[in-house]
Novice: 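I have a structure here, written as structure tokens, and I will follow up with some questions on it.
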Amino acid sequence: MKVLIVGGGIGGLALAGFLKQKSIDCVVIEKCKQWRTIGYILALAPVAVKQINALGASAVLANSAKVQGHIIKNASDKVILEKSFDVYEKKYGPTCEVEREELHKTLREVNKDTEIRMNTTIAALDETSEGVNVTFSDGKKEQFDIVVGADGINSQLRSMIQPKATTDYSGATFWFMWVPKVTKIESIVNYIGEGQLVGLYPCKKRDKMCVLFMVPRKQHSITDPKESIPFLKSHFRNMKGHVPTVLEHLPAEPDAMYHHDDDEVHLRNWYKGRIVLLGDAVHALSPVFGLGAAMALEDAAVLSEELARCDNHTAAFENYKQRRFPRVHKIATMSREVHALFRLYEVPLLKKLLYKCTIPFASRFFKKYYKNVNTFFQDDI
Ligand SMILES: Cc1cc2nc3c(=O)[nH]c(=O)nc-3n(C[C@H](O)[C@H](O)[C@H](O)COP(=O)(O)OP(=O)(O)OC[C@H]3O[C@@H](n4cnc5c(N)ncnc54)[C@H](O)[C@@H]3O)c2cc1C
């Protein structure tokens with residue numbers, strides 16, 4: 001079998017690594033001329049950590065921060081929920097925060113013998129009973145047995161096989177950035193206020209930590225990145241706890257932050273004919289959890305297993321979807337539930353009432369939310 005992987009991100013390179021282990025021939029194409037070094041922090045659930053080890057990429061885990069738990073606070077720094085991951089770690093293994101750039105670099109090393117064609121995309125695809133005839137952007141033509149779209153949230157492959165599929169906009173904008181390590185945190189810490197969500201993520205490095213700010217789109221009109229810093233300082237000025245110190249240390253250069261509308265992708269059809277999708281191309285998630293990479297790694301492991309096990313691609317694709325869909329769906333639901341709480345504060349009539357009973361209301365909400373937690377920590381896929 002000869003596989004074409006479109007996209008050399010986390011999911012594409014992980015799949016290439018797993019296919020190599022199973023002696024399945026593959027080529028990766030990547031649209032960038034050279035690898036981009038931007039990136040912040042990614043959370044790896046225990047089962048994704050397992051995949052890193054299985055890929056022989058465990059070196060990256062030595063530089064990762066082990067997440068001790070999840071703390072959710074309100075704007076006044078009152079704890080709404082505190083969940084230790086100790087019991088889950090004993091049962092399933094650690095949850096780790098890794099830098100995207102380091103994970104990507106390690107996956108490139110795993111794939112040092114794989115053919116990766118940079119600055120290349122697909123110009124045309126023609127599927128026959130024999131395979132897929134691919135015309136590349138440089139005009140070259142080649143036939144493959146299957147094509148995997150691992151080309152991220154704005155997937156070209158997705159639009160080729162499902163032209164009507166659109167991204168779902170959550171209605172919020174996020175800013176991701178590195179700041180100096182103004183406090184030592186070992187848990188993921190979220191602050192939730194009125195139209196305000198802050199995420200602080202542990203990082204192994206001594207000098208930096210990663211911060212996420214999220215704001216409903218209708219509460220800002222920022223288009224020029226230069227306006228971001230004054231806006232964030234003003235919008236989050238009432239928040240207590242670590243937030244004021246973080247605001248004092250925002251990067252001076254707007255280019256040093258990643259500013260984006262929060263789009264998600266939820267597809268029911270994961271494949272068509274000989275083309276299958278993986279990672280963000282089929283299920284992009286909100287960055288609130290940063291679990292996109294974990295899900296892409298797990299997809300890669302399952303798809304490679306099914307391709308090695310099944311005697312035809314249709315059975316392999318269907319098994320892959322059946323095994324992955326329920327888990328991805330639950331994780332996406334958890335992420336939308338956090339959004340729901342965040343969005344409730346936007347409703348003017350409810351705002352005062354909700355804000356008054358923030359703690360009892362939200363803690364009930366999060367207890368329910370953490371019922372899904374076994375999905376997050378489960379150790380098989
Ligand atoms: C540069 C970068 C930085 C990121 N930083 C963060 C972060 O800090 N925190 C976080 O939570 N998430 C981040 N993400 C998203 C996160 O990496 C993904 O959600 C997750 O890893 C899922 O991986 P994926 O392989 O599905 O998609 P991605 O990792 O997005 O990889 C997709 C790859 O496909 C390539 N590509 C796109 N279109 C084409 C095409 N038509 N032909 C060929 N190649 C194509 C892209 O250049 C990219 O290399 C980042 C993504 C990128 C690309």
Side-chain angles (χ1 to χ4, degrees), residues 4-17 27-45 48 51-52 60 97-108 111 116-125 134-138 147-161 167 174-178 188 199 201 203 208-212 214 256-260 262-265 267 270 275-301 303 324 328 331-332 335:
L4 174 65
I5 301 174
V6 182
I10 306 295
L13 292 187
L15 180 65
V27 171
V28 179
I29 59 167
E30 166 57 48
K31 77 168 177 191
C32 292
K33 276 191 187 150
Q34 51 194 35
W35 299 115
R36 288 176 290 167
T37 55
I38 60 159
Y40 303 93
I41 210 107
L42 303 166
L44 299 181
Q51 307 318 320
I52 295 284
V60 74
E97 292 280 354
V98 294
E99 288 183 45
R100 186 188 187 277
E101 196 187 331
E102 289 192 2
L103 176 56
H104 195 260
K105 203 167 134 202
T106 312
L107 290 175
R108 291 194 319 255
N111 281 294
I116 302 178
R117 301 178 194 163
M118 302 299 289
N119 196 19
T120 308
T121 57
I122 289 184
L125 289 177
V134 179
T135 309
F136 294 106
S137 45
D138 59 6
V147 178
V148 182
D151 49 348
I153 188 160
N154 298 312
S155 169
Q156 180 193 13
L157 261 284
R158 184 178 68 233
S159 55
M160 284 175 150
I161 62 168
T167 52
F174 65 84
W175 286 260
F176 237 136
M177 66 202 76
W178 292 111
I188 296 170
Y201 302 92
C203 173
K208 62 180 184 177
M209 59 191 272
C210 192
V211 183
L212 169 95
M214 216 165 198
M257 54 177 81
Y258 185 53
H259 163 207
H260 223 279
D262 182 25
D263 287 322
E264 295 190 354
V265 173
L267 289 193
W270 288 33
I275 299 165
V276 65
L277 302 173
L278 171 151
D280 279 6
V282 66
H283 52 61
L285 305 171
S286 164
V288 171
F289 293 117
L291 275 179
M295 293 302 109
L297 284 163
E298 296 175 17
D299 285 355
L303 181 58
R324 293 298 297 145
V328 167
I331 300 268
S335 132

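Only a predicted model underlies this, so the values are computations on that prediction, with no experimental measurement involved. Atoms within a ligand are numbered from 1 in the order they appear, just like the ligands themselves.
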Novice: Considering only heavy atoms of Tyr40, which atoms of ligand 1 have at least one such atom less than 4.0 Å away?
Specialist: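 Near Tyr40, meaning under 4.0 Å from one of its heavy atoms, ligand 1 has 7 (C), 8 (O).
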Novice: Just need the protein heavy atom nearest to atom 23 (O) of ligand 1, so name the residue and atom and give the distance.
Specialist: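 Ranked first by proximity to atom 23 (O) of ligand 1 is Ala296 CB, 3.8 Å.
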Novice: Consider every N or O of Thr121 and every N or O of ligand 1, then say whether any pair is closer than 3.5 Å.
Specialist: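 Among all N and O atoms of Thr121, none is under 3.5 Å from an N or O of ligand 1.
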Novice: Look at the side chain of Arg158 and the backbone N and O of Ile153, then say whether any donor-acceptor pair between them is shorter than 3.5 Å.
Specialist: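 Checked: pair present.
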Novice: Considering only protein heavy atoms, which is closest to atom 43 (C) of ligand 1, and at what distance to one decimal place?
Specialist: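 It is Lys31 N, 3.3 Å.
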Novice: Passes side chain to side chain contact (heavy atoms under 4.5 Å, CB included), Trp178 versus Ile41? Steps please.
Specialist: CA-CA 9 Å; Trp178 292 111; Ile41 210 107; 3.7 Å; yes
Novice: Give a yes or no on whether the backbone of Gly7 and the side-chain of Asp151 come within a donor-acceptor separation of less than 3.5 Å.
Specialist: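 A pair under 3.5 Å: no.
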Novice: So which bit of Ala293 gets within less than 4.0 Å of ligand 1, heavy atoms only: side chain, backbone, both or neither?
Specialist: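 It is both parts that get close, each with some atom under 4.0 Å.
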Novice: I need the nearest protein heavy-atom contact for atom 39 (C) of ligand 1: residue, atom name and distance, please.
Specialist: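 Ranking protein heavy atoms by distance from atom 39 (C) of ligand 1, first comes Asp151 CB, 3.6 Å.
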Novice: Distance under 4.0 Å to a non-hydrogen atom of Gln156: what atoms of ligand 1 satisfy this?
Specialist: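 With Gln156 as reference, the close atoms of ligand 1 come out as 40 (C), 41 (N).
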Novice: Which ligand 1 atoms are under 4.0 Å away from a heavy-atom of Ala150?
Specialist: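 Answer for ligand 1: 32 (C), 33 (C), 34 (O).
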Novice: To the nearest 0.5 Å, how far apart are NE2 in His259 and CH2 in Trp175?
Specialist: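 So the gap between those two atoms works out to 4.5 Å.
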Novice: Looking only at non-hydrogen atoms, which of Ser159, Gly7, Gly11 approaches atom 24 (P) of ligand 1 most closely?
Specialist: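 Selected option, by shortest heavy-atom distance: Gly11.
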Novice: Around atom 49 (O) of ligand 1, find the nearest protein heavy atom and jot down its residue, atom name and distance.
Specialist: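 Answer for atom 49 (O) of ligand 1: Glu30 OE1, 2.7 Å.
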Novice: Just jot down the ligand 1 atoms closer than 4.0 angstrom to any heavy atom of Cys32, in number order.
Specialist: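 Listed by number with element: 47 (O).
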Novice: Note the single closest protein heavy atom to atom 31 (O) of ligand 1, along with its residue, its atom name and the distance in Å.
Specialist: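 The closest heavy atom on the protein side is Gly9 CA, 3.3 Å.
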Novice: In chain order, what residues pass the side-chain hydrogen bond (donor to acceptor under 3.5 Å, both in side chains) check against Glu298, with sequence neighbours excluded?
Specialist: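 Partners of Glu298 under the side-chain hydrogen bond (donor to acceptor under 3.5 Å, both in side chains) test: Arg324, Arg327.
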Novice: Answer with yes or no whether Thr120 contacts ligand 1, where contact means a heavy atom under 4.0 Å from a ligand atom.
Specialist: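 A heavy atom of Thr120 does come that close to ligand 1.
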Novice: Check this for me: Lys105, atom NZ, are more than 12 non-hydrogen atoms of other residues, nucleotides or ligands nearer than 6.0 Å?
Specialist: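 No, not enclosed.
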Novice: Pick, from Leu107, Ile5, Ile29, Asp280, the option with the minimum heavy-atom distance to atom 15 (C) of ligand 1.
Specialist: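 Looking at heavy atoms only, the winner is Asp280.
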Novice: Is Arg100 close to ligand 1, meaning an N/O of one under 3.5 Å from an N/O of the other?
Specialist: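 Arg100 vs ligand 1: N/O contact under 3.5 Å present.
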Novice: Of the protein's non-hydrogen atoms, which lies at the shortest distance from atom 10 (C) of ligand 1, and what is that distance?
Specialist: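 Nearest neighbour among protein heavy atoms for atom 10 (C) of ligand 1, to 0.1 Å: Leu42 CD2, 3.2 Å.
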Novice: What distance do Leu303 atom CG and Leu277 atom CG have between them, rounded to the nearest 0.5 Å?
Specialist: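 If we round to the nearest 0.5 Å, Leu303:CG and Leu277:CG are 10.5 Å apart.
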Novice: Check step by step if salt bridge (charged side-chain N to carboxylate O under 4.0 Å, His left out) holds for Arg108 and Glu30.
Specialist: CA-CA 12 Å; Arg108 291 194 319 255; Glu30 166 57 48; over 6 Å; no
Novice: Tell me the contacting part of Tyr258 for ligand 1: side chain, backbone, both, or neither, using a 4.0 Å heavy-atom threshold, strictly below.
Specialist: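 The answer is neither; Tyr258 stays 4.0 Å or more away.
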Novice: Rounded to the nearest 0.5 Å, how far apart are CD1 of Ile331 and CE of Met295?
Specialist: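 Interatomic distance, Ile331 CD1 to Met295 CE, rounded to 0.5 Å: 4.0 Å.
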Novice: Which of the atoms in ligand 1, numbered in the order shown and given with their element, are less than 4.0 Å from a heavy-atom of Ile41?
Specialist: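 Matching atoms, with element in brackets: 8 (O), 9 (N), 10 (C), 11 (O).
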Novice: Give yes or no for whether the N/O distance cutoff of 3.5 Å, strictly under, is met between Gly39 and ligand 1.
Specialist: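 No; the residue has no nitrogen or oxygen that sits under 3.5 Å from a nitrogen or oxygen of the ligand.
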Novice: Determine, stepwise, if the pair His104 / Ile10 fulfils side chain to side chain contact (heavy atoms under 4.5 Å, CB included).
Specialist: CA-CA 6 Å; His104 195 260; Ile10 306 295; 4.2 Å; yes
Novice: Quick check: does any side chain N or O of Tyr40 sit under 3.5 Å from a backbone N or O of Tyr258, one acting as donor and the other as acceptor?
Specialist: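 Side chain of Tyr40 to backbone of Tyr258: a pair is present.
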Novice: Can you tell me if Gln156 uses its side chain to pair, donor with acceptor, with the backbone of Thr121 under 3.5 Å?
Specialist: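 No; judged by distance alone, with no hydrogens or angles, the pair does not exist.
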Novice: Short list, please: which atoms of ligand 1 are under 4.0 Å from a heavy atom of Ile10?
Specialist: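 So the atoms of ligand 1 that pass are 21 (O), 25 (O), 29 (O).
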Novice: Run the side chain to side chain contact (heavy atoms under 4.5 Å, CB included) check on Val265 and Asp280 step by step: do they pass?
Specialist: CA-CA 7 Å; Val265 173; Asp280 279 6; over 6 Å; no
Novice: Which one of Ala43, Gly152, Ser155, Ala281 has a non-hydrogen atom at the shortest distance from atom 27 (O) of ligand 1?
Specialist: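 That would be Gly152.
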Novice: Need the ligand 1 atom indices (1-based, order shown) with element for anything under 4.0 Å from a heavy-atom of Val6.
Specialist: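 Per the distance check, 42 (N), 43 (C).
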Novice: Enter the distance from Arg100:CZ to Leu42:CG here, rounded to the nearest 0.5 Å.
Specialist: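 The CG atom of Leu42 is 7.0 Å from CZ of Arg100, to the nearest 0.5 Å.
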Novice: Determine whether the side chain, the backbone, both or neither of Leu285 has a heavy atom under 4.0 Å from any heavy atom of ligand 1.
Specialist: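 No part of Leu285 comes within reach of ligand 1.
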Novice: Go through ligand 1 atom by atom and flag the ones less than 4.0 Å from a non-hydrogen atom of Gly279.
Specialist: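 Ligand 1 atoms under the 4.0 Å threshold to Gly279: 26 (O).
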